[in-house]
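Within every chain, numbering begins at 1; the chains are lettered A, B, ... in the order of the sequence lines, protein sequences first and strands thereafter.
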Amino acid sequence: MKKITRGVAALAACATAAAALTACGGSGGEGGSSDSLTVATMTLPQSLDPKDAAGSAMPFFQAAYDTLVKREPDGTYSPMLATEWKYDDDRTELTLTLRGDVKFDDGTPFDASAVKANMERFAKGGGGMAKTLADVEKIEVADATHAVLHLKQPNPAMLFYLSDAAGLMANPAKFDAAGDPLKTKPDGTGPYDLDSGKTAIGTKWVYTADTGYWGTKLPYKELTFRYFDNETAIVNGLKTGQVNAAVLQTANAQARIEKDPAVETQKQEFDFQGILLFDRGGEITPALAEPKVRQALNHAIDRKTMLAKIQQGRGEVTNQVFGTESVAFQEELDSYYSYDPAKAKRLLEEAGYADGFELKLPRISAIVPDALASSLQTYFKAIGVELTWDDMDQSAVRRIFTDREYSGMVMNMGQSANDWVAIGELVLPGTFNFFGTTDETVQKLLPQISGVAAKDAEAQLHELNRHLVEEAWFVPFYRLSYLHVSDGSVTIEPQSGMALPSIYNYAPAE
Amino acid sequence: MLSFVLRRTAAGVVLLFVISVLSYLLLSIPDNDVGRQLLGNRAAQDLVDAKNAELGLDRPVLAQYADWLSHALRGDFGTSWFTGEDVLQSITTRLPVTLSLMVGVTLVSAVLSLLFGVWAGVRRGPIDRFVQILGVVGYALPGFLVTLVIVVVFAVKLGWFPAIGYIGFTESPSGWLSTVTLPIASLSVAAVAGVSQQVRGAVIDVLRQDYVRTLRARGLPPGRILFRHVLRNAAAPPLTVLGLQFVGMLGGAVLVEQIFGLPGIGSMTVTYTTRGDIPMIMAIVLFTVVGVIAINLLVDVLIGWLNPKARVS
């Protein structure tokens, strides 16, 4: 019997040795070389057809398509497929001058009729961003290199949209093809082509540089996006050099990577987090119709402590919904509402709600972690407001938007440098103002802002922002600090208005 | 044996149908606003309604199911609502990843469990106690903790293996081995702990049998007794557990695939289920059920082949 066990032991030893040998072959990753760039992302594009494009997935599209207008890292615009753009005096006609020397891969020329075809398809295509072209009445093809956008009313965000999803130009020859091939095989004029052989849609997208690209070539021959559903894997990938660049949103992942001497990090304040109050008319929660009640909610919470404890101090306390790069932004509004439960109680009393009221909000746990849920409950309870959370899966958002069951919700919202983008989402009746509430001041100011460039409406934008804060349309907590991380081989320039930078913002580190 | 296989296969087909109906109904119960998820929180409501209508979600559930079934029977599983990929194609690109893990873990745990189990069962004494303690510890350690420690030590600190990603076997066999080694190792810990205890117990039981004593008395070499007689008779319980481990591994694979960023079925199941992507989930469910039925059948056949007594019962 002894013989057998010795044999068994020898086998075990062999197995261990084999494992050790294979281990030696394991080092090295896909990212490493300076010719290729691997970017990790937690955004999953719905398809690669521009009609389905959304701002958060822009880098996937930028690789294969060009936009009409290029948005620089600081939010300013520069020529891309359109070399010039000009508004008429009442800002309802936008004339675009187009490049005449650009062709799609199959030889189809890029011209004004391609612009018309793309934009009409985008507006009618049923994608999430289709409404951004709602103000476009018709698109006129003046000649091959001139397209004129006729607007129903002035829209100061139009150039922003043309530098975003609505401005992506695909090959019109593919529009009517059976099975919508653009969904998985993009065809544009962009700097890269999708390498279908190396790509596994849903997990890994590999783009190779288009040698015949008309514009300035980007420094990488190969560009890879990898999708992850958790930041742990991204952090591990960065530490081992398999991922070259990523943006980390959670405080824990940021703290984990910061200590690593090999990685380069850069902060960007992007989303703000807060309660978006929808029900300012008091349809569900009558108390919310009173500005004093909404102000009381703002005074009830201790933002500084929340930021320190929940976000490990990563961010800036704020009371306004406009971002730091917008014209409407005013620093002093960040501290308009102090933490003052006594004042909050007094305001409730004056509004006729001395005994408080009940407030029911939906809770999407990805946005509202336990710590945030219980602190808000505690703060509100201290002034007599009974906050209950309705736990819901991210999939049950129907009850928020369609059934209008709630008077508000906690959201993380990206902050654009363009004031009108924020106004369109938060102030105009629609997306996040679906009860359509408004007031005289807002109605007076909006037309004055929409008809001119933002810098010419600075006074009105300031007035609007201050009004929204004073009337407490929202209960913002803080701007969250995101961390751009590279494995040291890349320099990353953060992009205004986007969490994941544009593909033009990466370069090999010196 | 043939009629046994046929009977089991027929039962499997019925099971497959029942599960497909149940899954479809269960997936349709949650208040999923697929259109809203597709278009995002910032989309206008009329676009969302139009998208839902386009996907046929405004029809009765049974009509939707009938439609799905008639296509599926013709081998058309449709396209994903969320990424537009062909469902069949995307499953066949991800299946090798998860199968690599499952087969790898099964092989590793079969070999190691046999080694440890037989060693402990035959030698007893301190070695036995050592293997038992290892078994308890291995089984008790939470899977995610084992996985995280393995990644941090062998990938991040030592740099022996990649921390994330998967390289296909056809692309590069050595690359494949380097990417699956750590995931397989982390999944194997609990599997080896469980199965080796089964092997040990079964070996001890059989060694105590009268016929083993008789064989020894007749002077048969110990090796022959062990391999020809003892292991054959001791095979059933460990094989059953191994089969169960294989089936249950999909749960473990979810976690491991997420931590290692592997593009497998496990992580895919979670992603698409939370989104309510019915075409994708239904196909995953069908593939999984077929796999479970096949494994159970295989285990039964294997036990019957190894041990004729089981065939009779």
Side-chain angles (χ1 to χ4, degrees), chain A residues 1 3-5 8-9 11-12 15 19 22-30 44-49 52 54 126-131 134 180 183-184 200-204 226 228-230 232-234 236-237 239-240 242-243 393-399 401-402 411 425 430-432 434, chain B residues 30-34 36-45 47-48 50-51 54 79-80 82-85 90 93-94 111-112 115-116 118-119 122-123 148 151-152 154-156 159-165 174 177-178 181 185 222-223 226 258-261 263 267-268 270-271 274-276:
Chain A
M1 195 63 73
K3 228 187 212 167
I4 304 160
T5 43
V8 169
L11 261 174
T22 56
C24 310
S27 60
E30 301 130 77
L44 187 61
Q46 201 197 113
S47 84
L48 296 176
D49 185 334
D52 298 327
M129 304 300 281
K131 69 172 165 108
D180 196 356
K183 279 195 162 178
T184 50
I201 300 251
T203 56
K204 187 168 136 185
R226 296 184 62 144
F228 294 93
D229 57 4
N230 65 93
T232 305
I234 298 181
N236 289 335
K239 286 187 167 181
T240 54
Q242 289 171 282
V243 167
D393 198 278
Q394 200 131 20
S395 55
V397 281
R398 173 198 298 275
R399 287 160 55 196
F401 293 96
T402 318
M411 269 292 278
E425 277 176 345
T431 322
F432 287 107
F434 45 73
Chain B
D31 193 15
N32 268 353
D33 192 345
V34 176
R36 169 63 65 188
Q37 284 202 69
L38 276 168
L39 301 183
N41 286 340
R42 300 175 178 204
Q45 190 56 44
L47 290 175
V48 172
K51 184 58 108 184
E54 184 191 318
T79 53
S80 158
F82 284 83
T83 55
E85 333 152 66
S90 86
T93 55
R94 284 162 219 236
V111 171
L112 291 184
L115 289 175
F116 284 131
V118 171
W119 198 15
V122 172
R123 287 293 289 271
L148 283 175
V151 180
V152 168
F154 293 100
V156 177
W160 290 353
F161 296 94
I164 50 158
S174 66
L177 195 63
S178 73
T181 304
L226 187 66
Q258 282 187 335
I259 292 179
F260 286 96
S267 52
M268 183 183 181
V270 176
T271 314
T274 49
R275 287 156 177 242

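Between the CG atom in A:Leu48 and the CD atom in B:Glu85 there is a gap of 10.0 Å [rounded to 0.5 Å]. Between B:Thr79 atom OG1 and A:Lys183 atom NZ the span is 6.0 Å, to the nearest 0.5 Å. Taken from CG in A:Asn230 to CD1 in B:Ile259, the straight-line distance is 7.5 Å, to the nearest 0.5 Å. The line from CG of B:Leu148 to CG of A:Asn236 is 7.5 Å long, rounded to the nearest 0.5 Å.
Under the 3.5 Å distance criterion, the side-chain polar atoms of A:Gln242 are matched with a main-chain donor or acceptor of B:Ala163.
With a threshold of 4.5 angstrom between heavy atoms, A:Lys239 approaches chain B through side-chain atoms but not through N, CA, C or O. At a 4.5 Å heavy-atom cutoff, the contact between A:Thr184 and chain B is made by side-chain atoms alone. A:Phe401 touches chain B through backbone and side chain together, each having a heavy atom under 4.5 Å away. In this structure, the portions of A:Gln46 lying under 4.5 Å from any heavy atom of chain B include both its backbone and its side chain. Contact of A:Met411 with chain B is made through the side chain alone, with heavy-atom distances under 4.5 Å.
Taking each heavy atom of B:Gly261 and A:Ala233 in turn, the nearest pair found is N-CB, 4.3 Å. Between B:Leu47 and A:Ala130 the shortest heavy-atom distance is CD1-CB, 3.8 Å.
Ranking B:Leu39, B:Thr93, B:Val156 against chain A, the residue ahead of the rest is B:Leu39, based on heavy-atom pairs under 4.5 Å.
Side-chain contact between B:Arg94 and A:Thr203 is present, with at least one heavy-atom pair separated by less than 4.5 Å.
In B:Phe154, the CZ atom is not crowded: 12 or fewer heavy atoms of neighbouring residues, nucleotides or ligands sit closer than 6.0 Å.
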